[in-house]
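Reading through the C-alpha cells given below for one structure.
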Amino acid sequence: MSPETGLACSFRTTQDMQLAEALDRAARAADDTALASWWSLGDRDAAADRSHDPMLGLQVVATATRRLRVVVSGDIPSLYSAPVRAKQIATLDWFSQGRAEHGVDLEPVPSALTDPLRSHPDDHVGHALDQIGAMRALWTERRATHTGPFISFTGAIALPKPKGDRVPATHVRATGAEDLARYVASCGAPDGWVVWSPAADDVDRANSVLDDVLADRAGDVRRTWVVPATEVDRARGSAPDLGVDEVVGYFDEVPTPDDVRTLVA
C-alpha cells in the first residue's frame, strides 16, 4: 500500500509578499491536492532554522484549509506552561474544526532554547511527561485535577477544550527505548512515531525501538518519515519496506503553490 504524503515547512519566506499571505496561499493550494497533512517544525528545528513560531504559523494553515490534518511537530513540553500550551493547542483544534494533532519531543532541551532565568529539572523526560499529563487533564476534565512531581492543580477550568473534549492524536519524535518506555507507562502507546531524517537506516533503527518497547502493539502506531522535499520520491519508494505510513516533505521556507503541486506530483 502506498504511503500518504504530507508537507512540513519553516515559517519564513523569501517571496515578494508578507509571510501570512504566502502561507495562506500555500495552504489553500495544499488543501486542493492529495496531500494528507501539514506539519510545523518542532521546537528544536525552528530554533536551528530561525523559523517564526510554529504554533502561530499553524493557525494560519488551520484557518486556510478544510481537510488537511494540522500537526504540531516536536513540541518540547518543558519549555511551556502546561495550562498555556493546553489552551494554545485546543485553540488550534477549534480553528481547524478538530484536525489538530500534537507531536512531542522527549530529547533534552537544546541550549539555544534554555532560559537562564528558569530552573530546568535534571529529569527532563519526567518533567515533560508531567506537563503532558497536566495538559490531558485540562483537555478532558470539566474541573481538572492533576498531581505530579512538577505541577499540580485542583478544580481547574480550562477553555477552550479540543473538539469533543478529547486528547488530540499524539506523535512522539523517535527517541531511545528507555524514554519511549517511560512515555508509554505514563501516557499509553503513542498514536504516531516520527523520524525526522533523510536516512532510511534511521527509520529502521527507530522501528526497532518501537517494536522492542511495544511488541505486538507496535503495528497500531502510525509511522511518519520526514525528509527534504526533494527526496520525497526516493523515500516513498522505500516506505513500504520500512512500514512507513506517511512521507512528509520538508521545505526550508514557505513553498509556493507550484512547489506544493510539484511535491504531490
Side-chain angles (χ1 to χ4, degrees), residues 1-6 8 36-37 39-40 42 69-78 82 85-86 89-90 93 98-108 123-141 146 148-149 161-197 199-227 235-236 238-248:
M1 184 174 178
S2 297
E4 292 184 322
T5 304
S37 62
W39 299 60
S40 72
R69 294 164 33 239
V70 181
V71 190
V72 180
S73 168
D75 231 6
I76 301 177
S78 57
R85 200 57 166 175
I89 294 170
D93 197 54
R99 291 179 285 124
E101 301 181 10
H102 185 212
V104 176
D105 182 345
L106 297 177
E107 292 298 300
D123 183 8
H124 69 276
V125 174
H127 190 203
L129 296 176
D130 199 23
Q131 295 282 87
I132 294 168
M135 289 194 293
R136 291 184 170 194
L138 292 167
W139 285 333
T140 59
E141 299 174 18
H146 174 80
K161 295 185 184 299
K163 297 285 283 186
D165 294 2
R166 78 189 197 288
V167 174
T170 304
H171 304 262
V172 173
R173 184 81 70 99
T175 187
E178 181 179 350
D179 290 348
L180 177 59
R182 291 184 67 184
Y183 177 92
V184 172
S186 177
C187 306
D191 298 289
W193 183 241
V194 183
V195 179
W196 195 295
S197 166
D201 286 348
D202 288 339
V203 179
D204 198 43
R205 279 190 290 270
N207 283 343
S208 295
V209 171
L210 192 65
D211 292 340
D212 288 346
V213 173
L214 289 177
D216 292 344
R217 295 178 292 165
D220 297 330
V221 179
R222 182 179 180 86
R223 306 183 192 211
T224 301
W225 185 12
V226 185
V227 301
R236 283 178 56 83
S238 302
D241 291 337
L242 293 168
V244 170
D245 299 290
E246 181 174 5
V247 174
V248 175

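None of these values were measured; they are calculated from a predicted model. In what follows, every heavy atom counts, from backbone to side chain, and hydrogens, waters and symmetry copies are set aside.
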Between [X] and [Y], which heavy-atom pair has the shortest distance, and what is it?
X: Trp225; Y: Ser197; answer: NE1-O, 2.5 Å
X: Trp196; Y: Ser40; answer: CH2-O, 4.0 Å
X: Val247; Y: Ala235; answer: CG1-CB, 3.8 Å
X: Val71; Y: Ser37; answer: CG2-CB, 4.5 Å
X: Asp130; Y: Gly148; answer: OD1-CA, 3.3 Å
X: Val244; Y: Pro3; answer: O-CB, 3.7 Å

Checklist entry - Distance only, no hydrogens: is a donor on one side chain within 3.5 Å (strictly under) of an acceptor on the other, for Glu107 and Thr175? => result yes
Checklist entry - Taking atom types as modelled, is there a side-chain donor on Thr170 or Arg136 under 3.5 Å from an acceptor on the other? => result yes
Checklist entry - Run the side-chain contact (heavy atoms from CB on, under 4.5 Å) check on Val167 and Met135 step by step: do they pass? => result CA-CA 9 Å; Val167 174; Met135 289 194 293; over 6 Å; no
Between the side chain of [X] and the main-chain N/O of [Y], is any donor-acceptor distance below 3.5 Å?
X: Lys163; Y: Ala100; value: no
X: Trp193; Y: Ala174; value: no
X: Asp202; Y: Val195; value: no
X: Lys161; Y: Leu138; value: yes

Nearest 0.5 Å please: distance from the [atom1] atom of [X] over to the [atom2] atom of [Y].
X: Ile132; Y: Arg85; atom1: CD1; atom2: CZ; value: 12.0 Å
X: Asp93; Y: His102; atom1: CG; atom2: NE2; value: 12.0 Å
X: Asp105; Y: His124; atom1: CG; atom2: NE2; value: 8.5 Å
X: Ser2; Y: Asp245; atom1: OG; atom2: CG; value: 12.0 Å

Next on the checklist: salt bridge (charged side-chain N to carboxylate O under 4.0 Å, His left out) for Glu246 and Arg69? Distances and angles first, verdict last.
Outcome noted: CA-CA 12 Å; Glu246 181 174 5; Arg69 294 164 33 239; 3.0 Å; yes
Item to check | Close side-chain approach of Pro162 and Thr140, heavy atoms under 4.5 Å | outcome: no
Distance-only criterion, 3.5 Å: show the donor-acceptor pairs between side-chain atoms of residues 211-219 and protein atoms not counting sequence neighbours.
{"unit_1": "Asp211", "atom_1": "OD1", "unit_2": "Arg223", "atom_2": "NH2", "d": "3.3"}

Next on the checklist: Salt bridge check, Arg222 against Glu101: does any charged N sit closer than 4.0 Å to a carboxylate O?
Outcome noted: no
Next on the checklist: What verdict does the side-chain contact (heavy atoms from CB on, under 4.5 Å) test give for Leu129 and Cys187, after you've listed the backbone C-alpha separation in whole Å, the side-chain angles of each residue and the deciding distance to 0.1 Å?
Outcome noted: CA-CA 8 Å; Leu129 296 176; Cys187 306; 4.2 Å; yes
Checklist entry - Taking it one step at a time, do Ile89 and Asp75 satisfy side-chain contact (heavy atoms from CB on, under 4.5 Å)? => result CA-CA 11 Å; Ile89 294 170; Asp75 231 6; 3.9 Å; yes
Checklist outcome for this item: Taken in chain and number order and not counting sequence neighbours, the residues that satisfy salt bridge (Lys or Arg N to Asp or Glu O under 4.0 Å) with Asp123 are Arg182
Next on the checklist: Does Ser73 form a side-chain contact (heavy atoms from CB on, under 4.5 Å) with His171? I'd like the steps, not just the answer.
Outcome noted: CA-CA 8 Å; Ser73 168; His171 304 262; over 6 Å; no
